[in-house]
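Here is the structure we will look at, set down as structure tokens.
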Amino acid sequence: MGETGGTAHAYVVKAEELPALYYLDETHPRPSRLEWINRGTNQKLRRTTIEMLLRTLFAKVQTASVQKLHDSAGLRASFRNERERDRFSKAFQNARDELNREREHLVTAVFDHSDAANRAVAILSVEGVPDESISMLWRASEYLEEKYERATGYSPGSVAGAITGAGVAGAMLGVGILMIPGFGPVAVAGAIASSSIAPVAAVSSVIGATGGAIAKMLTDHDVDGVAATLYEREIKRGKIFVSVNTQTDGVDKAQVRRLLISQGGHAPESG
């Protein structure tokens, strides 16, 4: 829920609701000021506390104090007048509803081997699932067998380049490489590739070296936050993430899930 507080015309977004910001309509009012606060006290967070929040927001919580920070933190957006605040409130509620609807249509799995993941993607295509509904993500190596070229115009700490080949995924979905500090090169293919480059490049210097960049990418891709941290752990272990948006007409969610499982896909285990 959004809340007023601290200023007369403000809306506070809970930390856990941040992914909904990606679904805001382009016409929503822009805030005149943004600041991280403690929602219970309305006090602004110190810079060191904000840095801790950003480093851990999309990573597995290890301590009670960090969990308390996640639960209490909020991003306060201040507006020039009540009308703008109310318009933003309505737009954000719509964005949050759209995010929840998108998550309802998303089927995700992790594969132990690339051959199995590629086979699953090929079968999905044969079964009529559009390429633009499929996404893949896996840990890559700079010493790839495929042709590898650094892209121009990007720093080594953000987007490294693109590769050609990469088997079925490369031929069907297109593959790009993201360089994440502290993690290394990550291959992204399909829908997630088109939406992840700018956000990851923007935050890589903040959260990349301390963990959570992959989880943030998956959360922005509509994966539930808890599941995203588990998938990040599996990707670090060399496994391949696959997701399918089943919102397209004629694509059956249950059938897609059965197909992924039949080819060796499974959900990551907690613990």
Side-chain angles (χ1 to χ4, degrees), residues 58-60 106-148 160-180 182-197 200 211-224 226-246 251-271:
F58 299 100
K60 187 176 182 179
L106 198 67
V107 178
T108 59
V110 66
F111 289 80
D112 296 334
H113 305 288
S114 59
D115 287 348
N118 279 325
R119 186 169 58 250
V121 169
I123 296 174
L124 286 169
S125 180
V126 171
E127 293 294 325
V129 177
D131 295 348
E132 57 269 23
S133 297
I134 305 172
S135 295
M136 298 179 69
L137 191 152
W138 67 94
R139 192 166 194 168
S141 168
E142 288 206 64
Y143 305 99
L144 297 164
E145 293 181 2
E146 296 85 1
K147 182 180 178 182
Y148 177 83
I163 56 175
T164 58
V168 173
M172 292 177 53
L173 308 179
V175 179
I177 296 289
L178 292 174
M179 286 297 293
I180 299 178
F183 193 100
V186 175
V188 288
I192 194 171
S194 61
S195 62
S196 62
I197 288 180
V200 171
I214 298 298
K216 182 193 185 304
M217 190 190 311
L218 295 177
T219 303
D220 294 345
H221 184 59
D222 305 326
V223 179
D224 176 76
V226 174
T229 61
L230 298 177
Y231 279 121
E232 178 179 59
R233 183 190 63 187
E234 296 300 288
I235 293 167
K236 286 180 178 178
R237 293 175 176 176
K239 298 184 180 182
I240 301 94
F241 169 85
V242 175
S243 72
V244 181
N245 187 326
T246 62
V251 178
D252 183 80
K253 182 176 180 179
Q255 182 179 353
V256 168
R257 191 181 303 279
R258 286 193 297 269
L259 190 154
L260 293 178
I261 293 173
S262 72
Q263 299 306 311
H266 56 90
E269 297 180 1
S270 60

- [ ] Looking only at non-hydrogen atoms, find the nearest pair between S114 and I240 and report the distance.
- [x] N-CD1, 3.4 Å
Open item on the list: Looking at every heavy atom in both A116 and Q263, which two are closest together, and how far apart are they?
Closed with: CB-O, 3.4 Å
Task: Interatomic spacing from CG in N118 to NE2 in H113 - rounded to 0.5 Å - done: 13.0 Å
Task: T246/R257 under side chain to side chain contact (heavy atoms under 4.5 Å, CB included): CA gap, chis, key distance, verdict - done: CA-CA 10 Å; T246 62; R257 191 181 303 279; over 6 Å; no
Task: Minimum side-chain heavy-atom gap F111-L260 below 4.5 Å - done: yes
- [ ] For residues S133 and L124, determine if any side-chain heavy atom of one lies less than 4.5 Å from a side-chain heavy atom of the other.
- [x] no
TODO: Nearest 0.5 Å please: distance from the CG atom of L137 over to the CD atom of E232.
DONE: 10.0 Å
Open item on the list: Let's go through H266 and V110 carefully: what are the C-alpha distance in whole Å and the side-chain angles of both, what is the deciding distance for side chain to side chain contact (heavy atoms under 4.5 Å, CB included) to 0.1 Å, and is it a yes or a no?
Closed with: CA-CA 5 Å; H266 56 90; V110 66; 3.5 Å; yes
- [ ] Working to the nearest 0.5 Å, report the span between CG of L218 and OG1 of T108.
- [x] 9.0 Å
- [ ] Please list, chain by chain and in numerical order, all residues satisfying salt bridge (Lys or Arg N to Asp or Glu O under 4.0 Å) with D112, sequence neighbours excluded.
- [x] K239
Task: Test item: R139 side-chain N/O and K236 main-chain N/O as donor-acceptor pair under 3.5 Å - done: yes
- [ ] Could you point out which residue of I261, V107, I134, N245 forms a side chain to side chain contact (heavy atoms under 4.5 Å, CB included) with V256?
- [x] V107
- [ ] Quick one: pull up CG in D252 and CZ in R258 and give me the separation to the nearest 0.5 Å.
- [x] 6.5 Å
